[in-house]
J.: 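Right, I'll just put the structure down here and ask away after.
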Number of protein chains: 2
Amino acid sequence: MTPTLPLSAPATRTVALVRPIAHPRPIRLRLPKLAPPPSRGAQPTDRQVDQIRAFNRFYTARAGLLDAGHLGSAFSLAQVRVLFEVAYGSGTTASDLGDRLHLSRGYLSRLLRDFTKKGLVSHARTIPDGRFKALHLTTLGRETLETLERAAKEGMRDMLAAVAPTGRAAVVDALTTVRAALRPRLMQRPLIRLRSPRPGDLGWVVERHGAIYAAEYGYDARFEGLVAQIVADFAKGQYGSRERCWVAEVDGARAGSVFVTRASARTAQLRLLLVEPWARGLKLGHRLVSVCTEFARAQHYREIILWTQAELEKARHLYEGAGYRLTASKRHAMFGKPAVAETWTLTL
Amino acid sequence: MTPTLPLSAPATRTVALVRPIAHPRPIRLRLPKLAPPPSRGAQPTDRQVDQIRAFNRFYTARAGLLDAGHLGSAFSLAQVRVLFEVAYGSGTTASDLGDRLHLSRGYLSRLLRDFTKKGLVSHARTIPDGRFKALHLTTLGRETLETLERAAKEGMRDMLAAVAPTGRAAVVDALTTVRAALRPRLMQRPLIRLRSPRPGDLGWVVERHGAIYAAEYGYDARFEGLVAQIVADFAKGQYGSRERCWVAEVDGARAGSVFVTRASARTAQLRLLLVEPWARGLKLGHRLVSVCTEFARAQHYREIILWTQAELEKARHLYEGAGYRLTASKRHAMFGKPAVAETWTLTL
DNA sequence: GTGAAATAGTTTCCAAAAGCAACTATTTCT
DNA sequence: AGAAATAGTTGCTTTTGGAAACTATTTCAC
C-alpha cells in the first residue's frame, strides 16, 4: 500500500529553452523557484518538535481544560473524565477505566463510590467473573453528564466561533488529520470510507502529491505541476460520467485518492493513486485500485491502463496483485532525475 | 483584505455538450461529482464541535501532560509551567504569571519562594513601581529548565516519530495552521512572511481556492479546476524568472498566496490572490499586491492587469487602493451562477 | 480437588496541590 | 495626608490523588 504514480505522458516532454534575445533582463529558463523541502531523516527535526510544542502550550491550556465542562460545575476535572468514560464505554470495569485515565485504583474507587452514593453510577456484579463490577450510568447520571457536555460544547463552539466562518473547516480538517495520523497503531480499527470529492479536494490531491513525492523521491516542481494539469483536465468534466475520482477518508481525515479517466473510448486510465504515509498498511491502496476496476467494468471499458514509475516498488506489487501486467517502459528525466516510466494494463 | 479572484479568461467558455451517440451508456455532461460543501452558518456546526472535542480528548491527555517534561523529574506540572513562563517572559511579575497560568496568587507566591530558596529564580524590586518584583531565572534555573525541556522534547519527538517520516510535515503543518487560526485577536502581533513556494504549496493554493470560494460564493467544481489549470501552467516555468509566486505565512502557517504571470511581453498579470479567512485584517492582501507591483516593475513590465469578479467587494477596494483601475467588465456564468468578470489595470 | 498465586476492587492513611482570606508593603488618587 | 488600590506573603483549609494493606473472587499448579 504505497502511493503510486500513474501520471501523464511518459514520452519525454521537450522543454523550450528560451534564450535571451531583446529583453532588458536575460531570461533564464528556471523552474518556479521552489525552496528545497526541509530535509527529514529518520528522526523528527528539531523544528518540527518545536512547532508541536508551541502548539501544545497554546492549545492544551485553552482547549484541554475548557473541554471538560467542569468549570463552573460542582465536579472536578477528574470526576468529569470518569463520568464521561463510564458513559462512553458503558459496562466497563473500574480497572479498565483507571488504565485509560491514568488514575490510581484507590482514587478511582473513591470517586466511583461517591458517584454511586449520589445516584449517578450503578455497578452490578453481573459479569461471569465475579471480581469485576460492570459500571453504568443511571438516568440521573446521564442527565448530569448531558449538562456538562453541553457546557463543554459551548466552550468549544465559542472558541471556533472566533474564527471566520469559512476558515473553520480548515481548522477542523487539520485537527482531524492530526488525530488520524497520531492514532496509535493497532489500537482500534479506523473507519475507512471512499467518497466523491468535495470542494478543495482536488487541490488537496495536488498538494499531497507534490509534498510526498518531493520528500520521498526528490521529484521537483514539474511533478506537482503535472498533477495540477491532470486534475484540471479532470475538472473540466469533458467525459461526464465516464470519469471519476474518489477520496479515501480514515477516521474522517483525507488519506488517499484515485482517479479514473478516459484514455480512449475503450480504454480507461487509473491515475493519481495516492495513500498518505501515515495511512499506509490499511489496505487503502488496494481498495482504491479495486474501486477503479469495478468502475471501469461498469462503464464498459475494455481495458484499464496506468502509468507509474519503476522505482515505486510497493505500487508495482499492488498493481500486480490487482491483475495488471507491465506492457511498456521507457526512460525519462521529467522530474529532475533519471527514472523509468512504465505502462501497466489490465484487460477487463 | 479579502481573498480575491484574478482568474482566467473572462470570456464565456463554450462547453461542448456531448450527446449520446454510439455508446453502451448515455454520456451526460456532468461536472465531476462534488458533494455539496457542508453548509456553514454563523455558528459552528455540531459536527465541527464534535470533531474538535474528539481531537481534544485524544490529544490533550496525550500531549498536554507529556509536554511539560515534568514526568520523572522532581518538579510538578505547575512548577514546570511556572519555570517556563519565567524563562519565556523574563522580567514579568508574579501576578502577570498568575493570570497566564490561572494559579492563585498565594500558591504561586509559595512556588516562587521555593524556587528562590533553591536558587532557580531571582527577584529584585527594581521596577519604578516598588510593589512589583521582576522575576528572572538564575543560571542554575536556566540549566534546570534546559534539562526539563530536553525531556519534553524527547516525548514529543517520540510521539512524532511514530508517524511515517513523510507524514510528519503534514501533522506539523496542520497544528501550525490551527494555532495561527485560533490565535486570539489583538493579543500579539503575528509574524508575517512572504516566501517562495515549497513542494505542496501549489496544490494548497488550488485546495484553498476551491474550498473558500465554494463556501463563500458558491462556486462549483469548475472554479477549482480553473485554478488547477493556472497553477499547472505556472509550474511549467515557461517564462522563467518573469513569473513568480509568493506564499504568505502567518506564524509559520500558510495564510495566503499570489502569482504574477506573463500575459504578454509587456503585460504582467496578477493572479490567484488569496487570503485565508482566519488571516484577514492583517493587511496580508495589501502586502501581496504590493510585492506583485514591485516585481512587475523590476521585470520591466509596462503594465500589470488582473481579472476578478465584481462581487468580491473587498478585493476591489484593495486593487483600487493599490492604483488599479477598472478597464473592462463582462457577464458570464462560468462557475454555476451569473457573475460579472472584471479586468483591472495598473500602468507601471 | 486444594492451596498458592493472581486479579478486581476497597479502605485507611498520608503527602502534595492549590484555594481563601487576612496580612504587609507600596503606590496612586483625591 | 489619608483613603483606596495593587503586589505580594503567610497561615489555614480543602481537595486531590497516591501507596500500601486489606477483602473477595478466580485461576493455576500439583
Side-chain angles (χ1 to χ4, degrees), chain A residues 61 64-65 68 70-86 89-118 120-136 148, chain B residues 61 64-66 68-86 89-118 120-136 148:
Chain A
L65 300 178
H70 70 291
L71 299 169
S73 80
F75 297 94
S76 74
L77 176 59
Q79 285 177 313
V80 175
R81 290 174 70 206
V82 168
L83 217 51
F84 185 88
E85 281 295 315
V86 172
S90 199
T92 40
T93 64
S95 36
D96 174 42
L97 230 86
D99 289 348
R100 269 191 286 181
L101 301 180
H102 299 107
L103 295 175
S104 72
R105 289 176 307 159
Y107 183 46
L108 188 53
S109 175
R110 206 173 37 203
L111 289 178
L112 288 172
R113 178 169 36 115
D114 291 352
F115 280 147
T116 320
K117 196 154 58 185
K118 284 184 190 151
L120 303 177
V121 167
S122 69
H123 54 330
R125 199 173 291 236
T126 53
I127 291 180
D129 187 330
R131 287 170 300 184
F132 295 86
K133 288 181 176 178
L135 297 165
H136 296 280
L148 295 170
Chain B
L65 300 178
L66 224 91
H70 69 291
L71 299 169
S73 80
F75 296 95
S76 74
L77 176 59
Q79 284 177 313
V80 174
R81 290 174 72 207
V82 169
L83 219 49
F84 185 88
E85 281 295 315
V86 172
S90 198
T92 40
T93 64
S95 36
D96 174 44
L97 229 87
D99 288 348
R100 270 191 286 181
L101 301 180
H102 298 106
L103 295 176
S104 72
R105 288 177 306 160
Y107 183 47
L108 188 53
S109 174
R110 202 153 350 145
L111 289 179
L112 288 172
R113 177 168 37 112
D114 291 352
F115 281 147
T116 319
K117 196 155 57 186
K118 284 184 191 150
L120 303 177
V121 167
S122 69
H123 54 330
R125 198 173 292 236
T126 51
I127 290 180
D129 187 330
R131 288 169 300 184
F132 294 85
K133 288 181 177 178
L135 298 165
H136 297 279
L148 295 170

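In what follows, chains are A, B, ... by sequence order, proteins preceding strands, each numbered from 1.
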J.: I need the A:His102 NE2 to A:Arg81 CZ distance, nearest 0.5 Å.
T.: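 The CZ atom of A:Arg81 is 8.5 Å from NE2 of A:His102, to the nearest 0.5 Å.
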
J.: Grab the CG-P distance between A:Leu108 and D:dA19 for me, whole Å please.
T.: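 Answer to the nearest Å: 14 Å.
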
J.: On the side chain of A:Arg105, is there an atom forming a donor-acceptor pair with the base of C:dG9 - under 3.5 Å, no angle test?
T.: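 Counting by modelled atom types and ignoring angles, a donor-acceptor contact under 3.5 Å is found here.
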
J.: When rounded to the nearest 0.5 angstrom, what is the spacing between OH in A:Tyr107 and CG in A:Leu101?
T.: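 These two atoms lie 11.0 Å from each other.
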
J.: Just the rounded figure in Å: distance from P of C:dT10 to CG of A:Leu103.
T.: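 In whole Å, C:dT10 P lies 14 Å from A:Leu103 CG.
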
J.: To the nearest Å, how far apart are B:Asp114 CG and C:dA17 C1'?
T.: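 Rounding to the nearest Å, CG of B:Asp114 and C1' of C:dA17 are 12 Å apart.
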
J.: State whether A:Arg110 and A:Asp114 are salt-bridged, where the test is any N-O pair (Lys NZ or Arg NE/NH1/NH2 against Asp/Glu carboxylate O) under 4.0 Å.
T.: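 Looking at A:Arg110 and A:Asp114, the cut-off is not met.
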
J.: When you match A:Gly106 and A:Gln79 each to their closest nucleotide on DNA chain D, which lands nearer the 5' end?
T.: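 With A:Gly106 and A:Gln79 compared, the 5'-side residue is A:Gln79.
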
J.: First locate atom CG of B:Asp96, then atom CG of B:Leu135, and finally report the distance between them rounded to the nearest 0.5 Å.
T.: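 Going from CG on B:Asp96 over to CG on B:Leu135, the span is 9.5 Å.
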
J.: Calculate the interatomic distance between B:Lys117 atom NZ and D:dT9 atom C1'; express it in whole Å.
T.: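 In whole Å, D:dT9 C1' lies 14 Å from B:Lys117 NZ.
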
J.: May I ask you to say what B:Ser95 touches in the nucleic acid, namely base, sugar-phosphate or nothing, with a heavy-atom cut-off under 4.0 Å?
T.: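 Sugar-phosphate, backbone atoms only, no base.
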
J.: Rounded to whole angstroms, how far apart are CZ on B:Arg110 and P on D:dT14?
T.: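 One finds 15 Å between P of D:dT14 and CZ of B:Arg110, rounded.
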
J.: Which whole-number value in Å describes the distance from A:Tyr107 OH to C:dC14 C1'?
T.: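 For the pair A:Tyr107 OH and C:dC14 C1', the rounded distance is 15 Å.
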
J.: Look at the side-chain N and O atoms of A:Lys133 and state whether any lies under 4.0 Å from the OP1 or OP2 oxygen of D:dT25.
T.: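 For D:dT25, neither OP1 nor OP2 has a side-chain N or O of A:Lys133 closer than 4.0 Å.
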
J.: If you check the B:Ser109 side chain, which of C:dG9, D:dT6, D:dT9 turns out closest?
T.: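 For the B:Ser109 side chain, the nearest candidate turns out to be D:dT9.
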
J.: How long is the straight-line distance from CG of A:Leu120 back to NE2 of A:His136, given to the nearest 0.5 Å?
T.: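 Going from the NE2 atom of A:His136 to the CG atom of A:Leu120 covers 15.0 Å.
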
J.: When the axes are fitted on five pairs at both termini, how much does the helix from C:dG1-D:dC30 to C:dT30-D:dA1 curve, in 10° steps?
T.: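 Inter-axis angle at the ends, rounded: 20°.
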
J.: So, does A:Thr116 use its side chain to make a donor-acceptor pair with the main chain of A:Leu112 at under 3.5 Å?
T.: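 It does hold such a pair.
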
J.: CZ of B:Phe84 to CZ of B:Phe75: how many Å apart, nearest 0.5 Å?
T.: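 Rounded to the nearest 0.5 Å, the CZ-CZ separation comes to 15.0 Å.
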
J.: For A:Leu101 and D:dT16, give me the distance from atom CG to atom P, rounded to whole Å.
T.: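 Rounded to the whole Å, the gap is 15 Å.
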
J.: Looking at C:dA17, I'd like to know if its phosphate oxygens (OP1 or OP2) sit under 4.0 Å from a side-chain N or O belonging to B:Ser76.
T.: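 Yes, because at least one side-chain N or O of B:Ser76 sits under 4.0 Å from OP1 or OP2 of C:dA17.
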
J.: Measure from CZ on A:Arg113 to C1' on C:dA8 and round the result to the nearest Å.
T.: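 After rounding, the reported distance stands at 16 Å.
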
J.: Which of these nucleotides, D:dA5, C:dT11, C:dA8, is closest to any side-chain atom of A:Phe132?
T.: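 Out of D:dA5, C:dT11, C:dA8, the nucleotide with an atom closest to A:Phe132's side chain is C:dA8.
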
